[in-house]
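All remarks here apply to the structure that follows.
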Amino acid sequence: MAPSVPRRRRARPVADAPIDLLVPRAADLAKGWLLALLEDAPLQDAPALLGAALVDEGPQLCEAVLRALADDRELLRLEADGPLRPLATRVGEMAGAGGDAAAAVRAVDALGGVLWAALRQALPADDAEVISELAERLALVCALLRVAALERLSVAVSPPAEPHPPIGGMAAAGPPVGGPPGGPQADPSSAEPLWLDALEEAVARADGAPLSLLLVELDDAERVAATESAVAAMAAFEHFAQAVRQAVRRQDILVSETDGRAWIIARETGRSAALALAARIAEAVGNGAAWRGAPLIASVGVAVLGEDGHTADELIDAAEEARFAAAASGTDVAP
């Protein structure tokens, strides 16, 4: 087994994405996006949505996002200095968000959800590898759109800062730390092998008993670290750490990989109990704290021993894939 926790890689283009099937439906997908926005909007905001630029520019943006899933050259067209960057920056205006950054971000999430639903319908249900790769790629493109939307609203977006040591008193292995936030941290050089050893041992000792692995990630972690002051960023990350720490049970093993990313080894826990735990964590992260006017959001991936994998490596990969699917589909938890 590798001596360190697998790190997220940049999502690659998915050549097998059903782009040719969906691009001709760009206008219908834009209508679906509009309906999703209307569904969530207060009644008094509906006229603004119907009069927004989505009807005119939405199909073009849907097509651009779809093409970016399969081709890095198309992705570059949406990035800084690309010919479609102005279109990407207008995503909030298309959705009638005005100057509301949180509404612009929600609009991107709604678009991602509509496109993800269309992609899943167009793909064979058993094509797990392509589904996973598409979830990662769509999450990448949606993250690019969020940054573009914030640029349009004059929100300063800086290059991601170098990650600083995990905060919040989450243990490298063993039960959650019960001490106050900001307590002693595990030695970074030994934390990762220690928790991976704990996962391998838990798998070996399960002997038919249920066991689940959860991956919890703060969706805006990189942007929080890059754009906020040290004090504000620490407050957001501490809220995330405390929410995760308080939601887990005494039999769980909790490790903080970074400020906004944590793993939970949930012993004696099958899928239904793991999903309930994941839902509690996502709800706790979203309660009582906000970033730029919107609640903090955590995406949670769940992998179950025997159902999603039989080894520690397989569980880690499955939890990663489930978390990417949750983020791409706009849901808090993916089983």
Side-chain angles (χ1 to χ4, degrees), residues 4-12 14 69 105 108-109 112-113 115-117 119-120 128-144 146 163 166 170 192 195-196 199 211-225 237 240-241 243-245 247-248 252-266 269 271-286 295-305 307-309 311-335:
S4 61
V5 174
R7 303 294 182 179
R8 176 166 34 179
R9 64 182 184 275
R10 180 178 173 86
R12 295 185 291 264
V14 185
L69 298 178
V105 170
V108 174
D109 292 342
L115 295 180
W116 178 246
L119 288 163
R120 288 301 305 268
E129 184 175 353
V130 174
I131 290 172
S132 173
E133 290 177 350
L134 269 176
E136 294 184 14
R137 184 71 171 187
L138 182 58
L140 172 67
V141 180
C142 286
L144 183 155
R146 292 188 194 99
M170 287 196 279
E192 291 176 353
W195 94 265
L196 289 174
L199 177 59
L211 175 73
S212 296
L213 178 67
L214 283 70
L215 171 58
V216 187
E217 187 161 335
L218 188 63
D219 286 4
D220 291 312
E222 291 182 357
R223 285 188 291 155
V224 170
F237 289 129
F240 169 78
V244 175
R245 188 170 57 245
V248 298
D252 298 328
I253 297 174
L254 173 64
V255 60
S256 170
E257 183 183 341
T258 68
D259 288 345
R261 184 175 163 96
W263 296 85
I264 300 166
I265 304 171
T269 303
R271 186 173 299 279
S272 60
L275 291 174
L277 173 60
R280 287 198 304 273
I281 292 171
E283 182 179 5
V285 170
L296 292 172
I297 298 174
S299 300
V300 188
V302 173
V304 180
L305 182 64
E307 299 176 23
D308 302 310
T311 67
D313 282 332
E314 290 173 352
L315 289 179
I316 290 171
D317 288 343
E320 286 268 19
E321 291 172 5
R323 197 214 65 81
F324 276 118
S329 61
T331 59
D332 295 332
V333 180

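Source: prediction; values computed, not measured.
- Partners of E314 according to the salt bridge (charged side-chain N to carboxylate O under 4.0 Å, His left out) rule, which considers only residues two or more places apart in sequence or in another chain, do not exist here.
- Distance check: R261 CZ to R323 CZ gives 6.5 Å after rounding to the nearest 0.5 Å.
- Side-chain contact between L213 and I264: absent, with no pair of heavy atoms (C-beta onward) separated by less than 4.5 Å.
- Counting all heavy atoms, side chain and backbone alike, R271 lies closest to V302 at NH1-O, 4.4 Å.
- Between the CD1 atom of I316 and the OG1 atom of T311 there is a distance of 8.5 Å, given to the nearest 0.5 Å.
- Going from atom CG of L134 over to atom CG of L115 covers 11.0 Å, rounded to the nearest 0.5 Å.
- In terms of heavy-atom proximity, V108 sits nearest to C142 at CG1-O, 3.5 Å.
- The two residues A266 and D252 have their closest heavy-atom pair at CA-OD1, 3.3 Å.
- Remark: A243 engages A284, V285 in a side chain to side chain contact (heavy atoms under 4.5 Å, CB included) (not counting sequence neighbours).
- Nearest heavy atom pair, residue G301 against residue A322, reads CA-CB, 3.7 Å.
- Scanning all heavy atoms of the two residues, the minimum distance from W116 to L138 falls at CB-CD2, 3.7 Å.
- For T269, the side-chain hydrogen bond (donor to acceptor under 3.5 Å, both in side chains) test picks out R249, with sequence neighbours left out.
- Once rounded to the nearest 0.5 Å, the distance linking CG of D109 with CZ of R146 reads 4.5 Å.
- Between F324 and L215, every side-chain heavy-atom pair lies at or beyond the 4.5 Å cut-off.
- The two atoms that bring V248 and L254 nearest to each other are CG2-CD2, 4.3 Å, heavy atoms only.
- The distance from the CG atom of L214 to the CD1 atom of I265 is 10.5 Å, given to the nearest 0.5 Å.
- Atoms CH2 and CG, from W263 and L199 in turn, are 9.0 Å apart once rounded to the nearest 0.5 Å.
- Listed by chain and number, the residues in a side chain to side chain contact (heavy atoms under 4.5 Å, CB included) with A318 are A303, D308 (sequence neighbours excluded).
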(Q) Pair L69, V141 - check side chain to side chain contact (heavy atoms under 4.5 Å, CB included), show working. (A) CA-CA 7 Å; L69 298 178; V141 180; 4.1 Å; yes
